[in-house]
Amino acid sequence: MHVPAARGPLSSALVEALRGVPGPVPAVRAAAEAAVAASLDVLADEDVQLALLCMYELHYRGLDGVDEDWEWAPDLLAARAVLEEAFEAAVRALVPVPDTPARSADEIAEALFELTSADDGPGLSGYVAKRATDEQVREFVVHRSIYHLKEADPHSWALPRLSGRAKSALIEVQADEYGGGRPGHIHSELFAATMRALGLDDADGAYLDLVPAPTLANVNLMSLFGLHRRLRGAIAGHLAAFEMTSSIPCRKYGNGFRRLGYGQDVTFYFDEHVEADAVHEQIAGRDLAGALAEAEPQVRDDVLWGAAAYLAVDGLAGVQMLQAWEAGRSALRAPMAAVAV
Ligand SMILES: [Fe+2]
Ligand SMILES: [Fe+2]
């Protein structure tokens, strides 16, 4: 991923550190503490969310020109812990554990289906289907590219943390996400193809500088859940809620692009998810999230909370886009023309 431009003192200290040789960087840790202390809303904080995204990226495919040894640099891990603590606290304050007596795998799945169907979301897919302009659907793809170019990877962190029925279920879903072993069919590759068909740059992070905090927080939430074993319940619940709210919206997104005259080269990614995620939601709800909550009752609350947290944080990202568009503004931090493709 390309190294983004800083958005404040913390990301500035981080980017400067990453350009150097791995070693002690107490200034980054101090900047993280100062940023969290000064932040009015960590979920909407451009500096905090960008810094966290870059720190997490060191565990994925890394940042261009950045020494790989930074991944386990103690000061960066300490700084990340400061941001993560504030981030998790903010999400826990925003979203309570859903109140349900569900305990068995089937009951948990049912509770998750109820939770996700009761949540209307901000109406992003309906807007894209019926009203979005050509420029707005491109902005939508740019927002979504931050996750979809690494689609499924955050949930894969959970694989070695699970066992039995839950592990088999996650393998089944992820195998589809990674194209079932067929080169070129990894969902992130399908999304990249959609971007190219729209004339957009499919390089990882090509538009990162344009994407605001709420969308970064949406991606950071998955990395937080995926990278902490103690949050394995939350990442399972997150995936279940994600899959349960994907099939119908993907049909609407595809319809939006067709309404604007685009063909299958653009819509294939969304069309593929209409049927795939109708299957995935069953596996992720019952056999992953449900079975995990049943097998490990101590993470049952986090399974439900992870699902609710996904709905809330994804909702904030959707609201940010819709509010900008309704007001006749761009939902990006700068016009897309500002990026040379
Ligand atoms: Fe997918
Ligand atoms: Fe899926």
Side-chain angles (χ1 to χ4, degrees), residues 60-61 109 112-113 115-117 119 121 124-125 128 140-159 162 166-198 202 204 215 218-219 221-223 225-226 234-257 264-292 303 306-307 309-311 313-314 317-318:
Y60 291 101
R61 286 184 295 278
L112 292 172
F113 276 113
L115 184 72
T116 50
S117 58
D119 182 276
L124 188 63
S125 58
V128 168
F140 165 72
V141 166
V142 163
H143 271 260
R144 289 299 163 103
S145 70
I146 307 298
Y147 171 58
H148 289 311
L149 290 176
K150 59 161 65 68
E151 183 167 330
D153 288 344
H155 302 97
S156 294
W157 297 121
L159 281 170
L162 301 177
K167 190 185 195 102
S168 299
L170 184 54
I171 284 285
E172 192 176 352
V173 172
Q174 298 303 80
D176 273 354
E177 300 292 343
Y178 292 126
R182 287 177 300 162
H185 282 73
I186 299 175
H187 285 185
S188 60
E189 293 174 327
L190 300 183
F191 194 81
T194 287
M195 293 186 78
R196 292 193 301 275
L198 285 165
D202 66 349
D204 216 354
T215 286
N218 204 8
V219 183
L221 187 71
M222 305 181 218
S223 299
F225 289 171
I235 192 71
H238 185 285
L239 183 58
F242 188 98
E243 299 290 351
M244 287 173 182
T245 54
S246 171
S247 179
I248 295 168
C250 276
R251 186 187 301 278
K252 293 184 182 173
Y253 295 135
N255 288 343
F257 284 101
Q264 232 208 339
D265 52 347
V266 167
T267 64
F268 184 72
Y269 169 88
F270 299 101
D271 300 340
E272 184 82 353
H273 281 80
V274 173
E275 279 189 32
D277 288 347
V279 177
H280 290 170
E281 67 180 16
Q282 296 294 334
I283 304 167
R286 226 164 289 277
D287 302 309
L288 169 63
L292 176 63
V303 168
Y310 164 69
L311 296 175
V313 175
D314 186 63

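The shown structure was predicted, so the numbers you read here are calculated from the model rather than taken from an experiment. Residue numbers count from 1 along this sequence. Whatever order the structure lists them in is the order used to number ligands and atoms, beginning at 1.
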Quiz item: Does the side chain of Asp153 come under 3.5 Å of the side chain of Tyr147 through a donor N or O and an acceptor N or O?
Solution: no
Quiz item: In terms of side-chain heavy atoms, does Ser223 have a donor or acceptor partner in Tyr60 at a distance below 3.5 Å?
Solution: yes
Quiz item: Looking at Phe191, Phe140, Tyr253, which hits ring pair (Phe, Tyr, Trp, His ring centres under 6.0 Å) with His148?
Solution: Phe191
Exercise. Let me see the working for His273 and His280 under ring-ring contact (aromatic ring centres under 6.0 Å, His included), right down to the final yes or no.
Key: CA-CA 9 Å; His273 281 80; His280 290 170; 7.7 Å; no
Quiz item: Is the His238 ring parallel, tilted or perpendicular to the His155 ring (thresholds 30°, 60°)?
Solution: tilted
Quiz item: For the Fe ion (ligand 1), how many protein N, O or S atoms come closer than 2.8 Å?
Solution: 4
Quiz prompt | From CD (Gln174) to CG (Leu288), nearest 0.5 Å | solution = 9.0 Å
